[in-house]
Amino acid sequence: MNIRVRFAPSPTGYLHIGAARSALFNWLFARKVGGKFLLRIEDTDLQRSTDESVASIIEGLEWLGLHYDEEKVFQSDNAEKHRAAARKLVEEGKAYRDFTPKEQRADANVKQNIADRARAHAAEGIDHRSNPFRDLAKGESDRRAAAGEPFAIRLKVARDGSSRFTDIVYGEQERAYSEIEDLVLLRSDGHPLYNLSVVLDDIEMGITHVIRGQDHLTNTHKQILLYHAFGADVPQFAHLPLILAPNKAKLSKRKHGEVVSLTTYRDRGFVPDAFVNYLALLGWSPDTTRYPAQIVRDNQEVRPNLEPGTEIFSRQRLIEEFSLDRIHKSPAVFNFHENDPRHWTDDKALWMNAEYIRTMPLDELSPMVKDELRAEKLWREEYDDDESEWFVKVVDLIRQRFFTLKDFSSQGRAYFSEDFDLEEAAVRKNILKEPKLKELLPQLADRLDQVEPFTAANVEAALRVFAEESQQKAGLFINASRTMLTGQAVGPSMFDVFEIMGRERSVMRLRSQRPWNEF
RNA sequence: GGCGCAUUGGUGUAGUUGGUUAACACGCUGCCCUCUCAAGGCAGAGAUCACGGGUUCGAGUCCCGUAUGCGCUACCA
């Protein structure tokens, strides 16, 4: 069987992480089983759909590296087919025209309206199947339609019995038909509705596995009814647990803002593979029996496939390890702290990004750093040419303590530009607290100017000799130098910094009187 | 209101047919390393497995109930 899955976002805003995770799981599954991963834009809600949103979705997928197969489908292009299909159902007696005038309902309190209406109906003993047009004679219905009377088309759901299916994640699902209303397929203005469109498009696209958010779980029964009505094969369903906000509330674009937007992660310096890795662990986990920690089972050695305890999975490894039956059912909390810049998003995501930055191959990292420097106007063409070796060395040196790609242009700025800030706290702690440094640092500069060749080891030797002669601790000069050269109190081993900066810049910055002029 | 789904330390998760002190990752604390900060190494705090019953010699694991959260219930998607 040719396995075909799809990611079907509605373009009503930016791509949020829940949707991105759905896309990822579909993609992982497709790649794992050698199937096709398709993209369909569900833009049937014309009022809310925008081109910018479509662009942001495509950009997001591209950034994550989730390439879709075949041509993307716009659901709105199929509206005419969907209308025809609904009409056919009326002809076959599987659906009926509902001439009830359309109710106006305010979008804001739909939930409340539903509850109120349900209560009222229960009190009056009205079954939601008691639509007067459900059993209207076909001839009469045709006549009224021909006369131009507006109508919606509803599916005629069986009175007795129940619908059941097996969800790959949530297991056996059953729902009595009496709980399923005669759903509207076509609005009275002829507009096809979601449940009709998804089913028809999924049939046409040959979708075999529907992998999507748990919010669609109960509606699946309605959709299965439609598959039956159209005489089509019902696909397999796998519903994904929802991703919640820290207080276990629904993660919403409106309330939680940019932290849930995928583009935020790109713009704030995430490495795509790191974010993919993090996202994959939200609602899925690998089979730990393949970890060496539990390598022996039934006296049989199991393949030592993974480092003990690791959660770092390359894209390739993710594909190898992924399986739908290890997706779990309970919702995951996306743990971020709104007003804390250090923890603006989930700690684990941040840690994982840092882990990728400090361990990934330099030939993959360097281009990302290049993009970042370009964006901040710190890039020089020499870094691609004569100084390419130097550039990669700097990246390797400073990446060790960075969390995001942004850090290369902010904390790493002094390596690429003379225009960098001195941090006040660093200056006070490492320089101003020892007045003699005003005289001593230029002397140190003179001394280092003589070092030949200008290597870490030679600079270290010279500096230590100078410290001894001036009867100061080496640490005083080391820490002061760090602040003079980088503006900061923290950073890589100082002698490596000297070597990387080179004689000219090191000496010039040591002679600078900026700390005394600026503070 | 009805129906459905979920519930293991702060967060993500493991715990496959019920069986010794509930495991791992992130985060947190302390120590080591050290020119700083990270990284790394070591040690540690933190979970009466939502609650209440039941089945059993024995339950996080099975059954029932309750609570809480979430979802669906729309001529939204």
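Convention: sequence-line order gives letters A, B, ...; per-chain numbering from 1.
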Inset, instruction - Determine, using ring centers only, whether A:Phe322 and A:Trp284 are less than 6.0 Å apart. - result: yes
Close N/O contacts between protein and nucleotides 60-69 of chain B (under 3.5 Å):
from	atom 1	to	atom 2	distance (Å)
B:rG69	O2'	A:Lys248	O	3.3

Legend entry - is_close_aromatic(A:Tyr356, A:Phe270), centroid dist under 6.0 Å: no
Inset, instruction - Identify all stems in which RNA chain B takes part, counting only runs of at least 3 consecutive pairs (Watson-Crick or G-U wobble, each distance under 3.5 Å), and give each as one range with another, ordered by first number. - result: B:1-7 with B:67-73, B:10-13 with B:23-26, B:28-32 with B:40-44, B:50-54 with B:62-66
Report all interatomic pairs (protein N or O, nucleotide N or O of nucleotides 1-4 of chain B) with separations under 3.5 Å.
from	atom 1	to	atom 2	distance (Å)
B:rG1	OP2	A:Arg119	NH1	3.3
B:rG1	O4'	A:Arg119	NH1	3.1
B:rG2	O2'	A:Glu179	OE1	3.4

Legend entry - Rounded P spacing from B:rC51 to B:rG60 in Å: 11 Å
Legend entry - Contact list for RNA chain B against residues 465-479 of chain A - heavy-atom distance below 4.0 Å: A:Ile478, A:Asn479
Inset, instruction - Side chain of A:Lys102 only, please: which of B:rC75, B:rU73, B:rC35 is the nearest? - result: B:rC75
Inset, instruction - Under 4.0 Å between any heavy atoms, over every strand shown, what does A:Tyr194 touch: base, sugar-phosphate, or nothing? Just pick one. - result: base
Legend entry - Sequence-distant partners of A:Arg401, salt bridge (Lys or Arg N to Asp or Glu O under 4.0 Å), two or more places apart: none
Legend entry - Value in whole Å for how far the P atom of B:rG12 lies from OH of A:Tyr278: 8 Å
Inset, instruction - Between B:rG27 and B:rC63, how far apart are the P atoms? Round to whole Å, please. - result: 37 Å
Inset, instruction - Rounded to whole angstrom, note down the P distance from B:rU13 over to B:rC35. - result: 42 Å
Legend entry - Between A:Arg154 and A:Thr100, a side-chain donor and acceptor under 3.5 Å: no
I'd like a table of donor-acceptor pairs (distance under 3.5 Å, sequence neighbours excluded) in which one partner is a side-chain atom from residues 486-494 of chain A, with atom names and distances.
from	atom 1	to	atom 2	distance (Å)
A:Thr486	OG1	A:Arg482	O	2.6
A:Thr486	OG1	A:Gln488	N	3.2
A:Gln488	NE2	A:Gln411	O	2.9

Legend entry - A:Lys393 atom NZ, over 12 foreign heavy atoms within 6.0 Å: no
Legend entry - Residues forming a side chain to side chain contact (heavy atoms under 4.5 Å, CB included) with A:Ala176, sequence neighbours excluded: A:Ser178, A:Glu179
Legend entry - A:Lys429 side chain, from C-beta outward: closest of B:rU36, B:rA74, B:rC75: B:rU36
Inset, instruction - Starting at the 5' end of nucleotides 26-34 of chain B, put B wherever the base has a protein heavy atom under 4.0 Å, S where only the sugar-phosphate does, and a dash everywhere else. - result: SS-------
Legend entry - A:Arg154 vs B:rC75: side-chain N/O to OP1/OP2 distance below 4.0 Å: yes
Inset, instruction - Could you say whether A:Lys250 or A:Ser188 is positioned toward the 5' end of RNA chain B, judged by the nucleotide with the nearest heavy atom to each? - result: A:Lys250
Legend entry - Between A:Asp201 and A:His82, a side-chain donor and acceptor under 3.5 Å: yes
Inset, instruction - Look at A:Ser493 and B:rC35 and indicate whether a side-chain polar atom (N or O) is within less than 4.0 Å of OP1 or OP2. - result: no
Legend entry - Between B:rG2 and B:rA59 - C1' atom distance, rounded Å: 33 Å
Inset, instruction - Using the P atom on both, measure B:rG46 against B:rG30 and round to a whole Å. - result: 16 Å
Inset, instruction - Classify the angle between the aromatic ring planes of A:His239 and A:Phe237 as parallel (below 30°), tilted (30 to 60°) or perpendicular (above 60°). - result: parallel
Inset, instruction - Round to the nearest Å and state the distance from A:Leu282 atom CG to B:rU11 atom C1'. - result: 10 Å
Inset, instruction - Assess the side chains of A:Thr483 and A:Asn430: does a donor N or O sit below 3.5 Å from an acceptor N or O? - result: yes
Inset, instruction - Tell me yes or no: between the side chains of A:His328 and A:Tyr170, is some donor less than 3.5 Å from an acceptor? - result: no
Legend entry - A:Asp45 side chain, from C-beta outward: closest of B:rC72, B:rC76, B:rC35: B:rC76
Legend entry - Short side-chain donor-acceptor distance under 3.5 Å, A:Asp116 and A:Gln112: yes
Inset, instruction - Rounded to the nearest angstrom, tell me the gap between atom CD in A:Glu355 and atom C1' in B:rA38. - result: 12 Å
Legend entry - Results of salt bridge (Lys or Arg N to Asp or Glu O under 4.0 Å) for A:Asp167 - residues two or more places apart only: none
Inset, instruction - Could you measure between the two C1' atoms, the one in B:rU56 and the one in B:rG4, and give it in whole Å? - result: 31 Å
Legend entry - Qualifying salt bridge (charged side-chain N to carboxylate O under 4.0 Å, His left out) pairs with a residue from residues 6-18 of chain A, counting only residues at least two apart or across chains: A:Arg6-A:Asp202
Legend entry - Non-neighbouring partners of A:Glu469 that pass salt bridge (Lys or Arg N to Asp or Glu O under 4.0 Å), sequence neighbours left out: A:Arg447
Legend entry - Nucleotide B:rA39, atom C1' - distance to CD1 of A:Ile357 in whole Å: 14 Å
Legend entry - Sub-6.0 Å ring centroid separation between A:His343 and A:Phe336: no
Inset, instruction - Select base, sugar-phosphate, or nothing to describe what A:Asp215 touches, counting heavy atoms under 4.0 Å on all strands. - result: sugar-phosphate
Inset, instruction - Mind checking A:Gly283 for me? I need base, sugar-phosphate or nothing, with any heavy atom below 4.0 Å counting as a touch. - result: sugar-phosphate
Inset, instruction - Report which part of the nucleic acid A:Pro492 touches: base, sugar-phosphate, or nothing (heavy-atom distance under 4.0 Å, all strands). - result: base
Check nucleotides 41-51 of chain B for protein N or O atoms closer than 3.5 Å to its own N or O atoms and list the pairs.
none

Legend entry - Nearest-Å distance once atom P is located in both B:rU73 and B:rA14: 29 Å
Inset, instruction - Under 4.0 Å between any heavy atoms, over every strand shown, what does A:Pro101 touch: base, sugar-phosphate, or nothing? Just pick one. - result: base
Inset, instruction - Tell me whether the OP1 or OP2 atom of B:rA39 has a side-chain N or O from A:Arg399 closer than 4.0 Å. - result: no
Legend entry - A:Glu468, CD atom: more than 12 neighbouring heavy atoms under 6.0 Å: no
Legend entry - Under 4.0 angstrom between A:Arg117 side-chain N/O and B:rU73 OP1 or OP2: no
Legend entry - A:Pro246 vs A:Glu460, nearer the 5' end of RNA chain B by closest nucleotide: A:Pro246
Legend entry - Distance flag, aromatic centroids of A:Tyr265 and A:Trp344, threshold under 6.0 Å: yes
Inset, instruction - Could you verify whether a donor N or O on one side chain and an acceptor N or O on the other, from A:Asp346 and A:Tyr278, lie under 3.5 Å apart? - result: yes
Inset, instruction - Check whether any side-chain nitrogen or oxygen of A:Arg326 sits under 4.0 Å from OP1 or OP2 of B:rG15, and answer yes or no. - result: yes
Inset, instruction - Could you measure between the two P atoms, the one in B:rG71 and the one in B:rG65, and give it in whole Å? - result: 24 Å
Inset, instruction - Please check if the distance between the ring centroids of A:Phe133 and A:Tyr96 is under 6.0 Å. - result: no
Legend entry - Short side-chain N/O contact to B:rA77 OP1/OP2 from A:His191, under 4.0 Å: yes
Inset, instruction - Could you say whether the aromatic ring of A:His328 and the base of B:rA14 stack, counting only centre distances under 5.5 Å and plane angles under 30°? - result: no
Legend entry - Sub-6.0 Å ring centroid separation between A:Tyr194 and A:His216: yes
